[in-house]
Amino acid sequence: MSQPAVVQYALKERSVELREIPIPQPSRGNVLLKIAAAGICGTDVHQYLNEHSWPVNLPVVMGHEFSGIVHEVGEGVRSFAPGDRVVCETAAVICGECYYCRTGRYHFCEHRKGFGQLQDGGFTQYVQVPVRCLHRVPKNLPLHLAALTEPSCVAYHATAVAGEIKPGMSVAVLGCGTVGLICVRMAKMQGGGPIVLTGLARDKNRLQVGKQMGATHIVDMDHDDLFGLVRQIHDGHGIDVVIDVSGRNRTLKDAIDIVRPAGQIIRAGWGPGAYNFSLDPLVHKGVRLQGVFSHNWEMWERVLRLLDAGKLDLSLLSPECLPIERWQEGFEAMCESRLIKAVLEPNGRMK
């Protein structure tokens with residue numbers, strides 16, 4: 001039997017199409033997951049536009065943010081059963097034996113293959129996934145919102161793990177995509193403030209949602225003066241923690257310019273191309289620059305607890321849910337910032 005899937009087939013702009021592919025059978029240690037919802041991420045948009053800076057195994061079914069219901073289990077699977085509501089981590093393949101795998105940091109495994117890039121992902125009706133990737137969805141969390149657990153984990157990693165935001169610290173989030181907006185909420189939960197959120201003129205609606213998520217200041221980088229605003233915050237020496245999730249390299253210079261001496265910059269957004277500016281101010285200011293990549297089991301469990309407790313309300317992001325046949329509409333809307341989040345529902349709405 002076959003199923004529709006959103007497939008990237010070439011390293012050229014918009015070389016993505018809807019194809020029919022076989023429905024897999026779950027092998028030992030894996031389950032066949034019936035996809036409920038799969039979010040279109042900024043990295044999916046980068047691949048769609050051929051602006052990405054990571055390897056892609058072509059042809060590949062895209063999509064790495066997905067929730068679903070266990071449809072069938074492979075041999076040896078005991079911890080999950082058909083009918084279980086779950087979300088899935090992104091590390092489709094790891095070696096399980098290297099230093100990083102053994103210490104719980106398997107997202108750094110050199111053999112790692114991520115869904116939607118090096119391994120077929122969730123923009124289809126059924127996908128085979130390792131049971132180790134699964135987490136149970138709280139009973140009161142809708143599956144279309146559960147699909148946003150993955151970007152929430154990136155935001156948690158950036159703010160709560162790497163950012164070390166403490167009450168009273170000033171925070172700037174550069175970029176108002178899904179991860180940026182969730183970073184704002186996470187920073188507020190940690191007591192950060194004031195919180196500055198930046199975007200472009202076309203991001204007007206996203207910036208307004210950012211205020212609902214906890215931003216005290218929003219900045220339209222096409223018209224507003226970010227640097228003038230920063231000079232007015234606290235003692236005027238800059239921002240304590242700057243989180244760059246813009247997906248553009250040029251914003252790193254903005255981060256360096258606005259961070260305070262002995263402050264911290266968290267870089268969680270991918271960006272292709274060269275950095276055509278000096279990093280000497282990092283030395284002069286004594287700033288810590290830290291990259292953030294992916295997440296691990298513990299982060300997923302903590303984020304799911306926040307979602308279950310209602311402390312992280314993803315409904316504010318108003319995800320637009322589309323059938324898989326309208327995948328291109330969702331991609332183009334994300335490209336143009338007309339939506340905060342587009343989510344594909346390949347099997348229709350599932351509870």
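Numbers here are sequence positions counted from 1.
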Without hydrogens or angle criteria, can the side chains of Y48 and E332 be said to hold a donor-acceptor pair below 3.5 Å?
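Side chains of Y48 and E332: pair found under 3.5 Å.
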Any side-chain donor paired with an acceptor under 3.5 Å for T251 and D254?
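Result is no, nothing qualifies.
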Enumerate the side chain to side chain donor-acceptor pair (under 3.5 Å) contacts for residues 83-92, please, sequence neighbours excluded, ordered by first and then second residue.
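Listed by first then second residue: D84-R136, E89-Y106, E89-H135, T90-R112.
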If you group Ile, Leu, Val, Met, Phe, Trp and Tyr by side-chain heavy-atom gaps below 4.5 Å, do [X] and [Y] land in one group?
X: V6; Y: L118; answer: no
X: F108; Y: W300; answer: no
X: I35; Y: V60; answer: no
X: I233; Y: I243; answer: no
X: L304; Y: L306; answer: yes

[X] side chain to [Y] main-chain N or O, any donor-acceptor pair under 3.5 Å?
X: S15; Y: Q8; value: no
X: R185; Y: K311; value: yes
X: N249; Y: Y275; value: no
X: N205; Y: Q208; value: no
X: K285; Y: D257; value: yes

Just checking Y100: does its OH atom have more than 12 heavy atoms from other residues, nucleotides or ligands closer to it than 6.0 angstrom?
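Open: at most 12 neighbouring heavy atoms sit under 6.0 Å from OH of Y100.
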Check this for me: R250, atom CZ, are more than 12 non-hydrogen atoms of other residues, nucleotides or ligands nearer than 6.0 Å?
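No, CZ of R250 has 12 or fewer neighbouring heavy atoms, counting only those of other groups under 6.0 Å.
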Separation between [atom1] of [X] and [atom2] of [Y], rounded to the nearest 0.5 Å:
X: L207; Y: D224; atom1: CG; atom2: CG; result: 9.0 Å
X: K341; Y: C41; atom1: NZ; atom2: SG; result: 5.0 Å
X: M213; Y: D313; atom1: CE; atom2: CG; result: 7.5 Å

On the 0 to 90° scale, with breaks at 30° and 60°, tag the H52-W54 ring pair as parallel, tilted or perpendicular.
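Rings of H52 and W54: tilted, 30 to 60°.
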Taking distance alone, no hydrogens or angles, what donor-acceptor pairs closer than 3.5 Å link side-chain atoms of residues 142-156 to residues at least two apart or in another chain?
residue : atom : partner : partner atom : Å
T149    : OG1  : A146    : O            : 2.6
E150    : OE2  : H295    : NE2          : 2.8
S152    : OG   : L148    : O            : 2.8
Y156    : OH   : R302    : NH1          : 3.4

Check: V245 and V292 side chains under 4.5 Å, non-hydrogen atoms
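The answer is no; the side chains never approach within 4.5 Å.
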Taking the side chain as everything from C-beta on, heavy atoms only, tell me whether I258 gets closer than 4.5 Å to V242.
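They are in side-chain contact.
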Kindly determine whether I239 and V259 satisfy side-chain contact (heavy atoms from CB on, under 4.5 Å), including the steps that lead there.
CA-CA 5 Å; I239 301 293; V259 71; 5.5 Å; no
Cationic N near anionic O, under 4.0 Å, D235 to R260:
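Looking at R260 together with D235, the answer is yes, because their closest N to O distance falls below 4.0 Å.
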Salt bridge (charged side-chain N to carboxylate O under 4.0 Å, His left out) for D222 and R202? Distances and angles first, verdict last.
CA-CA 9 Å; D222 289 326; R202 68 181 189 179; over 6 Å; no
